[in-house]
Student: 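Please find one structure pasted underneath; my questions will follow.
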Protein chains: 2
Amino acid sequence: MARARIKNRIRELREASEMTQSQLAKLSGCTRQTIIMLEQERYVPSLSLAFAIADALNSPIEDVFEPE
Amino acid sequence: MARARIKNRIRELREASEMTQSQLAKLSGCTRQTIIMLEQERYVPSLSLAFAIADALNSPIEDVFEPE
DNA sequence: TCAATAAGTAAGAAATACTTGACATTTCGT
DNA sequence: ACGAAATGTCAAGTATTTCTTACTTATTGA
């Protein structure tokens, strides 16, 4: 559908919380590869993963993700 | 990964805005089928579609979607 | 210098989201 | 009662996300 890109502050918020990629992956129930891909903005996550990550980062979705 | 279900208020908000499924589909850049599936909570949308729909409904994401 | 930890790359498989098209059913105005 | 508009169902195919596995590189500490 060629939908809009979405930027995220995962790395920024993760480092602010002093978490490793592995820790965030575990907390949000995905793999480390997925976190890497997301931090590099190689794809847009599903909404449920977005919620899980926002939760793990103690931030509302809109703080973590932003459409360009 | 067996991620959490997510409830949504798409139908409720769409009807409050007096929009048909087709109109919402067009506005948010997806098909009518997709809107039907989402209203029936048959699957969880991608984050970008979620943003597009929330936008079309003039509501923040957290108002439209909620993890169970 | 060695081992362990953190981050990155890549490729294929599996799962899920999304589209297309065709047809059925309900609702509603005239 | 009729036709049109809105909603729903089904199935098949495409696109995208996510996982798995395996290997690389850099950093740090004992």
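Here is how names work: the chains are called A, B, and so on, in the same order as the sequence lines, proteins then strands, and each is numbered from 1.
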Student: Check the distance between C:dG8's P and A:Leu38's CG and give it to me in whole angstrom.
Tutor: 13 Å

Student: A:Glu41 has an atom CD; how far is it from atom P of D:dT17, in whole Å?
Tutor: 13 Å

Student: For the pair made of CG in A:Leu24 and P in C:dT5, what is the distance, rounded to whole Å?
Tutor: 19 Å

Student: Within the structure, does a side-chain N or O atom of B:Thr34 lie under 4.0 Å from either OP1 or OP2 of C:dA17?
Tutor: no

Student: Mind checking side-chain contact (heavy atoms from CB on, under 4.5 Å) for B:Glu66 and listing every partner two or more places apart, or none if nothing turns up?
Tutor: B:Lys7

Student: If I take atom NZ in residue A:Lys26 and atom C1' in nucleotide D:dT18, what distance separates them, rounded to the nearest angstrom?
Tutor: 19 Å

Student: A:Val64, A:Leu27: one ILVMFWY side-chain cluster at the under-4.5 Å cut-off?
Tutor: yes

Student: If only atom types and distance count, is the side chain of A:Ser59 paired as donor or acceptor with the main-chain N or O of A:Leu57 below 3.5 Å?
Tutor: yes

Student: Would a distance-only check, ignoring hydrogens and angles, find a side-chain to backbone donor-acceptor pair under 3.5 Å from A:Glu62 to B:Ile61?
Tutor: yes

Student: Determine whether a donor-acceptor pair (N or O, by modelled atom type, separation under 3.5 Å) exists between the side chain of B:Arg32 and the backbone of B:Gln21.
Tutor: no

Student: So, is A:Thr31 near the phosphate of D:dC19, with a side-chain N or O under 4.0 Å from OP1 or OP2?
Tutor: yes

Student: Rounded to the nearest angstrom, tell me the gap between atom CG in A:Leu49 and atom P in D:dT16.
Tutor: 18 Å

Student: Base contacts versus sugar-phosphate-only contacts with protein, heavy atoms under 4.0 Å: please encode nucleotides 6-13 of chain D as B, S and - from 5' to 3'.
Tutor: SBBBB---

Student: For the helix from C:dT1-D:dA30 to C:dT30-D:dA1, what angle lies between the axis at the first five pairs and the axis at the last five pairs, to 10 degrees?
Tutor: 40°

Student: Measure the distance from OH on B:Tyr43 to P on D:dT17 and round it to the nearest whole Å.
Tutor: 14 Å

Student: Give the cluster check for A:Ile36 versus B:Leu47: same hydrophobic cluster or not, with ILVMFWY residues linked at side-chain heavy-atom distances below 4.5 Å.
Tutor: no

Student: Specify the closest pair of heavy atoms between A:Leu38 and A:Tyr43, including all atoms of both residues, with the distance to one decimal.
Tutor: CD2-O, 3.5 Å

Student: Tell me the closest heavy-atom pair linking B:Phe65 and A:Phe51, and the distance in Å.
Tutor: O-CZ, 3.6 Å

Student: Take atom CD in B:Glu18; do more than 12 heavy atoms of anything else shown fall under 6.0 Å from it?
Tutor: no

